Protein chains: 4
Amino acid sequence: MAGETRMSQPAKTSRGRDRRNSLLDSAREVFEELGYFDTRVADIVAHAKVGHGTFYSYFDSKDDVLRALIDNLVEATYSASAMPIDHSGGPRDHLRATIVQFMDAYRERAGMHRILVQATSYSAEFLSRRLEIKEQFLGRIEQSIVAWQQRGVAPLDLDPFHAATALGGMVEDAAFAQYVLHQPIDEQIMITTLTTIWSQTVGLPESHSTPPVTI
Amino acid sequence: MAGETRMSQPAKTSRGRDRRNSLLDSAREVFEELGYFDTRVADIVAHAKVGHGTFYSYFDSKDDVLRALIDNLVEATYSASAMPIDHSGGPRDHLRATIVQFMDAYRERAGMHRILVQATSYSAEFLSRRLEIKEQFLGRIEQSIVAWQQRGVAPLDLDPFHAATALGGMVEDAAFAQYVLHQPIDEQIMITTLTTIWSQTVGLPESHSTPPVTI
Amino acid sequence: MAGETRMSQPAKTSRGRDRRNSLLDSAREVFEELGYFDTRVADIVAHAKVGHGTFYSYFDSKDDVLRALIDNLVEATYSASAMPIDHSGGPRDHLRATIVQFMDAYRERAGMHRILVQATSYSAEFLSRRLEIKEQFLGRIEQSIVAWQQRGVAPLDLDPFHAATALGGMVEDAAFAQYVLHQPIDEQIMITTLTTIWSQTVGLPESHSTPPVTI
Amino acid sequence: MAGETRMSQPAKTSRGRDRRNSLLDSAREVFEELGYFDTRVADIVAHAKVGHGTFYSYFDSKDDVLRALIDNLVEATYSASAMPIDHSGGPRDHLRATIVQFMDAYRERAGMHRILVQATSYSAEFLSRRLEIKEQFLGRIEQSIVAWQQRGVAPLDLDPFHAATALGGMVEDAAFAQYVLHQPIDEQIMITTLTTIWSQTVGLPESHSTPPVTI
DNA sequence: GATGAATGAGTCTTCATTCAT
DNA sequence: AATGAATGAAGACTCATTCAT
C-alpha cells in the first residue's frame, strides 16, 4: 500500500512553495468535506484550480498528500501541547487549563482528526503516525502522574502508564465524540467532568495549596 | 425498466441459511484480515468457495454484507451487556466484573470492532449503527450513576450524562487500544486501573459494605 | 445469435401442454410490459409461478419463447386475414372492411407487434419472420391490384408490387403509430383516410356498382 | 458521497473535438455493423484505437453516445428537409423532388435509421426523439395539404392530419423497407408510385399548370 | 513548469443457463 | 417432473497516474 515512500518534491522556489501549500489546503478542505476515500485527485486539482500534472509534480500520490497533511497535524499537535500554560492557579486549575488547551487544539483541527481516524483504519503507516501523536500525549501524562506520586499526592498503587492510557484515552474520546461525531455534549460540563475524574484519580485537592505540576 | 425482483437473503431453507452464514463468516474473516476497503467481493467468494453469483443471491452488495455483520455485532454486544453478573461481592467487585465482561466481549470480537471503526469513517449509515451501540452502553452507565447519586454515594455535582460519556469512552478506548491496536497494555493492570478511576469518580468505597447497583 | 435452433420440447401430455401455454402467456405478458430486453427469465418464471428449471424444460432459451410467441403471432395474423369478409357492399365498402379487419387484428395483438419490432431489430432470424408476415400481407394486396387492373379499374401504369408495398406499408405504419406508439390518431378518421387514399390509387369508384375483389 | 464532477464532452480544444468526433464515428460504424445491443464499449474504443477511459471522458455511458448520434441524425434530418427544392416544374415534379430528397437523405443515413429504430424499441427517451423527427416531417406535410385544400385542389373532406400521417408513414416505411431491410425494391419505380399515390390523394393534376406548394 | 488528455488495470454486478436435490 | 440454488462469463464504468504538448 505504502511502497517505498519516495519523498515528495521539496519545491525550492517560493512560487513552488505557494503552489504546494495551496494544493495542501485544497486537499485538506476536500478531504474534510468528502472524506479521504470519496475524494478523487480530480476533486483536489479542481478545487486548487490546477492541472493533474501539477499535483503530481508536488506530491507522489494521493497517499502522499495525506501523509503531508498528517505530518502537519502531528507537528501542530506537538506545538500546541508545548505551549505554556498559566500556572497562577492551583493544580486543578492547571489541569483544567491543560485539558482546555487540548480540547481547543482538537476542535480547531477536528476535520483533520476525522481524516486521521479514516487513514488509521486504512493503512498501517498512518496508524503508526497516529500512535506517535498519542504516545507523545500519553507520555506527558504519565510523567505528570509519576511527579504527583513522588510528591505523595497520587496514590502509589496507581500504575502511571495504564492510568495515563486510561485518562488520556478518556479525554481524546470525549474530544472525538464532541468535535467529530457532533454528539450533543456540553463543552463546559464535559471539561469540568473530565477535570474532576482526572483530579480524583491522581489525588489533586480541591484547594489551591499544592504546587502545580506541568503536564 | 428493470424487473421488479430484487431479493437478497432469499433462502428460508436450511441449506440457504447455511450458505448465507458461510458467506457471512467468509466475509468477516476476509474483512478482518484485509480490512473492508482492500477486500474484493472476489476475495470473499474465493474464501467461501462459491461463485460470484451466489454472493449476490444472498447479499445485494459488498456494503450489504458489512451491514449484516455489523447487525450481528450490535446484537451480540447487546446480548453480552445484558448477561447477569455475579452480585456476591461488594460494589467495586461488581463494577470490576462489569468492566471485565465488557472487555471480554470486546476482545472476542476485536476484529469486527476494527471493521466497525473503518465502516464508521466511511459512511454515515454505519456511524449511526456504531453510535447506537455506544448509546445503549452509555445509557446503562448513566442510569447506574444516577442510582449511586440517589443512594448518596456518588457526588451530586457530577453530571450523569457527561460522566457516563467520559467513563464509557475511557473503557471503550482502552479496549480498542488493547485489542485492536495491540498496544502493550497489561489486561489485569488496565482493568484494575479502570475500576479504580471509575470507583473514585462515583464514590464507591473500597470496602464491601455498600449494596451493589447493577450497571 | 440464434444457433442451430433446437426445437423446444414438444410436451406430449396435456399437463405439459398446459404448463407450456401458461409459460407462453406469462412470457408474453411480461414481454409486453417490460419489453424483450428488460425481461429476465426470472421475471417470466416468477409470473408463471414455476421454477427456473421448469422454464428450461419447455423452452431452450429466452430466444426460444420469443420464437414461439412470434410463431403464434404469425399464425394468428394469417388466420385473421383469411377470415371471410362481408361482400354485400360495393368495392370501397369491401376495401374498408378489409382495412378494418387488419386494424382490429393489429390492435388486438398490439403488445406482441411491439415485441416483434424489438425482436426484428435484434436478430436477423426474427426479421425474417416479420418479413414473412409482411410479404404474405403484401402479396394479397398485389394480387388484388392486378385483379383490378385486369378489370380495367386500376391504371395499368401502376406497378402492382410497388403499389402494394406502398399501400400496405401505409396501413401497417398507421396501425403501429396508433396502437403501439399511441399517437393521438382517431380510429374512424384514419380508416376513412386510408380507404380513400387506397381507393383513389386503384381507381375504385365511390359508387357501389363495381363487383368486389377480395384482398 | 461521490465527488461532484461529472463531465462528458469536456474538450473545447480542437484536439478534444477531433477525438470526440472520432469516437462518435467509431461508435456509429460499430453500431451500424453490430447493432446497438451487440456493441460493447470495448468494440468502440478498439475501433477508435483509444483506451476505455478516453471514451468515458467524452461520453457518460454507452447510452450517451447513442444519444449524441441520434441528435446528429435529428439535426441532419431537419437540415435536409429544409433544403430548397427546384420549383421550375409543375406541382407533381415538385412533389416528386421532395420525395426524392427525403429518400436520398434516408439512404445516406440508413445505418443510423436502423439504429434509431432499435433505440426506439429500447427506451422511451429515444422513442421521443424519433417521434420528434417524425412530427416535424408530418407537420410539413399537413401544412402542404391544407395549402392545397385552400387552393381548391385537394378535396376538403380529406383530414389533413390523418392524411399527412398516412402519406408520411407510407413514404417512411418505403424508405425503411428499401434502405434498411434491403427489400428488392426498385428506387425509381417506388418514387413514381409514391408520387402517384400522393398526387392523386391531394388532387394534383398531371399537367404543369397548378402553382407549386412547397412541402 | 504547467496542463489536461489519455490510459487501462481493477471492480462490481447481472443474468441466462445448469444441475443436484 | 419440478425446483431454485449455484454458476461464471461478460461487460460497464472509475480513477490514480503518466506524458505529450
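Protein chains get the first letters and strands the later ones, always in sequence-line order, with residue 1 at the start of each. Because the structure is predicted, anything quoted here is derived from the model rather than measured.
Base-pair partner of dT21(E): dA2(F) (Watson-Crick or G-U wobble, both distances under 3.5 Å). As the counterpart of dG10(E), dC13(F) is assigned, both hydrogen-bonding distances of the Watson-Crick or G-U wobble pattern falling under 3.5 Å.
For the pair Phe37(A) CZ and dT11(E) P, the interatomic distance rounds to 14 Å; values are reported in whole Å. Leu23(D) has its CG atom 13 Å from the C1' atom of dT7(E), to the nearest Å. Distance Asp60(D) CG to dC15(F) C1': 15 Å, rounded to the nearest Å. Arg20(D) has its CZ atom 13 Å from the P atom of dA6(E), to the nearest Å. Between Ile44(A) atom CD1 and dC15(F) atom P there is a gap of 13 Å when expressed in whole angstrom units. Remark: C1' of dC15(E) and CG of Asp63(C) are 14 Å apart, rounded to the nearest angstrom. Spacing between atom CG of Leu66(A) and atom P of dA16(F) amounts to 13 Å, rounded to whole angstrom units. We find that CZ of Phe59(B) is positioned 15 Å from P of dT14(E), with the value rounded to whole Å.
Nearest nucleotide to the side chain of Val50(C), out of dT17(E), dT3(F), dC13(F): dT3(F). You'll find that the side chain of Thr54(D) is closest to dA6(E), out of dT17(F), dT7(F), dA6(E). With dA5(E), dC12(E), dA2(F) as the candidates, the nucleotide lying closest to the side chain of His52(A) is dA5(E).
Across all their heavy atoms, Ala68(D) and Arg20(D) have their closest contact at CB-NH2, 4.2 Å.
Tyr58(A) has a side-chain polar atom (N or O) that falls below the 4.0 Å cut-off from OP1 or OP2 of dA2(E). Taking 4.0 angstrom as the limit, Tyr56(D) places none of its side-chain polar atoms (N or O) nearer than this to OP1 or OP2 of dT14(F). Within the 4.0 Å cut-off from OP1 or OP2 of dA6(E), at least one side-chain nitrogen or oxygen of Arg19(D) is found.
Using a 4.0 Å cut-off between a side-chain N of Lys or Arg and a carboxylate O of Asp or Glu, Glu125(D) and Arg129(D) do not qualify as a salt bridge. Between Asp43(B) and Arg40(B) no salt bridge is recorded (no basic side-chain N to carboxylate O distance below 4.0 Å).
Using cut-offs of 30° and 60° on the angle between ring planes, the pair Phe126(A) and Tyr122(A) is parallel.
Summary of the strand contacts: Phe55(A) and Lys62(C) both lie near DNA chain E, and taking for each the nucleotide with the nearest heavy atom, the more 5' one is attributed to Phe55(A). Between Arg40(B) and Gly53(C), the residue whose closest nucleotide on DNA chain E is further toward the 5' end is Arg40(B).
For the atom pair OG of Ser26(C) and CG of Asn21(C), the computed distance is 10.5 Å after rounding to the nearest 0.5 Å.
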